[in-house]
Amino acid sequence: MLDAKMIRANPEKVEKGLEKRNIKGALKEFLELDEERRKILIKVEELKNFRNSASKEVGKMKKEGKDPQELMEKVRQVGDEIKELDDKLASIEEEIEKILLGLPNLPHESVPIGEDETSNVEVRRWGEPRKFDFEPKAHWDLGVELDILDFERAAKLSGARFTVYKGMGARLERAIINFFLDVHTREHGYTEILPPFMVNAHCMTGTGQLPKFAEDMFKVEGREMYLVPTAEVPLTNLHREEILDAKDLPIYFTAYTPCFRAEAGSHGRDTRGVIRQHQFNKVELVKIAEPDKSYDELEKMTRDAERVLQLLGLPYRVVLLCTGDMGFSAAKTYDIEVWLPSYNEYKEISSCSNCEDFQARRANIRYRPSPKDKPRYVHTLNGSGVAVGRTLAAILENYQQEDGSVLVPEVLVPYMGGIKVIKREEM
RNA sequence: GGAGAGAUGGCCGAGUUGGUCUAAGGCGCUCGACUCGAAAUCGAGUAGACGGGUAAAACCGUCUCGUGAGUUCGAAUCUCACUCUCUCCGCCA
């Protein structure tokens, strides 16, 4: 959520920022409502001031044995007026809230301006895409032939965009999860969290999924509960409605969770394999940081995510998203894209964002810079560390051999119980 | 699912015959005194949001005692609904 006071003070600047994100003329209504709100507020507070002092006077008169009837009647009339203005104020504030909750974050000045992903800027590359001396297969063929991924039976259980992992497939997925968590907790200083996979609407509003993106989520029937679309939601909301100590910052959290997405509007994209699923596994990184350090933390977090791909030997590149391609809550985002032979291009496997105080304001997460200071909003960051299913796909495709077997990356061998090659097991 | 108890400031906790509650007290924290320094001790200060005000402050007002509504001239205190927590019982991985 954007700061109402800040919008009031710099409407042109905010308008420009929103235009970079292809949103035009969003502020006119806000500014009108905001001004009306203040007008009514001043008036109603004056009336309340009168009521408060008059009520005290009534109490005093009664004690002194005087008759307060006349004054009581007057205050009653003022009370009616107050009620009317309060109602009006409440509906205006509701309107304002609705507008503010629907506006995306403003892009950081370093973010390139553009309509869509074609304006994204490549920042760096790591590794060389492998040259195959045979025709490489896609992971959806490899997985089925190795009998470790089963899309048909997954459809029987749940429908399209679900996957059953079997045998070494399930084992590999689990190995990747544990490997990611170990690297981030042991080497990068994150605290592991195992959060609930269902959260309430407050959390979803706090991180920005609600109210605008309700369609993208799975809601639990008959309850105000949602399946988490990413661990960013529970992790960021852990400190919702809290005032933190500056000495406790920055806070680093990591969590493995399944992620549930309705993927409304993505029909026909990435239909094959595990790339785009209604349920997928992800290890997430979340940071809560002081405002002046958040951009350093974003760089570090991106490196943390890159690190696991380096250890796995998977070629990738880092891309700075342009204004039109960024998510709703982000001020700046780096995508990490892993090389996928089946796509013959780099494919997103992680997204690392600084949301500045956008989520902190919605979720009311503050800190006290020093004991004497007023509370300030923290900055929140989140990044995939990284998507597990896509990592599995990248491993299958990048480590495949001509006979259809797949080498296990060296760092994963201990997590695979010493197994170095995944090959078809005869049943 | 049944029965009961409860929710107060950064934390703990008092306060319900409605009216100096502008919420006692403690802890924590900040500043000061004492000290070579620290601890201990003593003194002072210490909630947030919104609006006005100011160059910035000071300052003024409104709201907030789980959330929402209601009664009243006036609500932490009375009424209703909801949410959450705890205890006991039942069921259960």
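To find a chain, count down the sequence lines: A is the first, B the second, and so on, and within it residues start at 1. Note that these values count all heavy atoms, side chains included, but never hydrogens, waters or copies made by symmetry.
- B:rU85 and B:rU22 have their P atoms separated by 33 Å, with the value rounded to a whole Å.
- Salt-bridge annotation for A:R307 and A:E187: present, with a side-chain N of the basic residue lying under 4.0 Å from a carboxylate O of the acidic one.
- Here, B:rG10 and B:rC65 have their C1' atoms 16 Å apart, quoted to the whole Å.
- Following rounding to the nearest Å, A:D248 (CG) and B:rC29 (P) show an atom-to-atom distance of 14 Å.
- Of the listed nucleotides (B:rC73, B:rA49, B:rG51), B:rA49 has the atom at the smallest distance from the side chain of A:K374.
- Spacing of C1' atoms, B:rA40 relative to B:rC21, comes out at 35 Å, to the nearest Å.
- Contact record, A:T391 with A:V386: OG1-CG2, 3.3 Å, taken as the closest heavy-atom pair.
- Nucleotide B:rU71 forms no Watson-Crick or G-U wobble pair with any nucleotide shown, as no partner meets the under 3.5 Å limit on both distances.
- No hydrogens or angles considered: a donor-acceptor pair under 3.5 Å links the side chains of A:Q277 and A:T163.
- If you check B:rG18 for Watson-Crick or wobble pairing at under 3.5 angstrom, you find it has no partner at all.
- Across every strand in view, B:rC59 sits in a pair with B:rG52 that passes the Watson-Crick or G-U test at under 3.5 angstrom.
- In this entry B:rG66 has B:rC82 as its Watson-Crick or G-U wobble partner, both defining distances falling under 3.5 Å.
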>> A:Y377 vs A:D3, test: side chain to side chain donor-acceptor pair (under 3.5 Å). Steps then yes/no.
In response: CA-CA 11 Å; A:Y377 289 111; A:D3 181 4; over 6 Å; no
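- Side-chain contact annotation: A:Y252 with A:D304, donor-acceptor N/O pair under 3.5 Å absent.
- When rounded to the nearest whole Å, the span between CG of A:D373 and C1' of B:rG45 equals 15 Å.
- B:rC88 and B:rC11 have their P atoms separated by 27 Å, given to the nearest Å.
- A salt bridge links A:K48 with A:D86: the closest approach of a Lys/Arg side-chain nitrogen to an acidic carboxylate oxygen falls below 4.0 angstrom.
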Give me the distances for all protein-to-nucleotides 61-66 of chain B N/O pairs that come in under 3.5 Å?
unit_1, atom_1, unit_2, atom_2, d
B:rG61, O3', A:N49, OD1, 3.3
B:rG61, N2, A:E45, OE1, 3.0
B:rG61, N2, A:E45, OE2, 3.1
B:rU62, OP1, A:N49, OD1, 3.2
B:rU62, OP1, A:N52, ND2, 3.0
B:rC63, OP2, A:N52, ND2, 3.3

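- Between the CZ atom of A:R361 and the C1' atom of B:rA49 there is a distance of 13 Å, rounded to whole Å.
- Rounded to whole Å, the C1' atom of B:rA76 lies 13 Å from the corresponding atom of B:rG9.
- Look at CD on A:E36: it is 15 Å from P on B:rG51, rounded to the nearest Å.
- Taking atom C1' on both B:rA49 and B:rC42, the two are 36 Å apart, rounded to the nearest angstrom.
- A:K5 comes within 4.0 angstrom of sugar-phosphate atoms only, judged by non-hydrogen atoms across all strands, and of no base.
- Applying the ring pair (Phe, Tyr, Trp, His ring centres under 6.0 Å) rule to pairs touching residues 201-232 of chain A yields A:F213-A:F328, A:F218-A:H278, sequence neighbours excluded.
- Nucleotide B:rC50 holds its P atom 14 Å from the CE atom of A:M6, rounded to whole Å.
- Distance CZ (A:R223) to P (B:rU83): 11 Å, rounded to an integer number of Å.
- For the pairing with A:L235, the side chain to side chain contact (heavy atoms under 4.5 Å, CB included) check across A:I193, A:T254, A:T380 returns one residue only, A:I193.
- In terms of heavy atoms, A:R8 sits closest to A:R37 at NH2-NH1, 4.4 Å.
- With both pairing distances under 3.5 Å, B:rG45 is matched to B:rC29 as a Watson-Crick or G-U wobble pair.
- In this structure, A:T323 and A:R21 approach most closely via the heavy-atom pair O-NE, 4.0 Å.
- Heavy atoms of A:P68 sit nowhere under 4.0 angstrom from any nucleic acid atom.
- Here B:rC88 sits opposite B:rG2 as a Watson-Crick or G-U wobble pair (both hydrogen-bonding atom distances under 3.5 Å).
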>> For A:E32 and A:K28: C-alpha separation, side-chain torsions, deciding distance, then whether salt bridge (charged side-chain N to carboxylate O under 4.0 Å, His left out) applies.
In response: CA-CA 6 Å; A:E32 285 168 4; A:K28 187 166 178 281; 3.3 Å; yes
Taking N or O atoms only and anything under 3.5 Å, show me the protein contacts with nucleotides 7-9 of chain B, one pair per line.
none

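- With 3.5 Å as the limit, one finds no donor-acceptor pair spanning the side chains of A:E192 and A:Y256.
- Distance A:N364 CG to B:rA47 C1': 13 Å, rounded to the nearest Å.
- Separating the CG atom in A:D80 from the CG atom in A:L85 is a distance of 11.0 Å, to the nearest 0.5 Å.
- Smallest separation of non-hydrogen atoms from A:S405 and A:L146: CA-CD2, 4.3 Å.
- Using atom C1' as the reference point in both B:rC31 and B:rG68, the two lie 42 Å apart (nearest Å).
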Grab the N/O contacts between the protein and nucleotides 19-23 of chain B below 3.5 Å, and write none if there aren't any.
unit_1, atom_1, unit_2, atom_2, d
B:rG19, O6, A:K62, NZ, 3.1
B:rG19, N2, A:S55, O, 2.6

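- Closest-nucleotide positions on RNA chain B for A:L71 and A:R38 were compared, and the one nearer the 5' end corresponds to A:R38.
- B:rG74 atom C1' lies 14 Å from atom CE of A:M61, rounded to whole Å.
- Taking atom P in both B:rG18 and B:rU77, the straight-line distance is 11 Å, to the nearest Å.
- The residue among A:E73 and A:P375 whose nearest nucleotide of RNA chain B lies closer to the 5′ end is A:P375.
- Salt-bridge check for A:E410 with A:K420: failed, with every basic side-chain N at 4.0 Å or more from each acidic carboxylate O.
- Of the residues in residues 79-97 of chain A, those lying under 4.0 Å from RNA chain B by heavy-atom distance are A:K83.
- The environment of CZ in A:R38 is crowded: more than 12 heavy-atom neighbours from other residues, nucleotides or ligands sit within 6.0 Å.
- Side-chain nitrogen and oxygen atoms of A:R368 include none within less than 4.0 Å of the OP1 or OP2 phosphate oxygen of B:rC29.
- Across B:rG48, B:rC73, B:rC50, the shortest atom-to-atom separation from the side chain of A:R76 is found for B:rC73.
- Exactly one residue among A:K332, A:E356, A:K300 makes a side-chain hydrogen bond (donor to acceptor under 3.5 Å, both in side chains) with A:Y295. That residue is A:E356.
- A pairwise comparison of heavy atoms in A:K282 and A:A387 identifies CG-CA, 4.1 Å as the closest pair.
- Annotation for A:E73: atom CD counts as buried by contact number, over 12 foreign heavy atoms lying within 6.0 Å.
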Are any protein N/O atoms closer than 3.5 Å to N/O atoms in nucleotides 91-93 of chain B? If there are, list each pair with its distance.
none

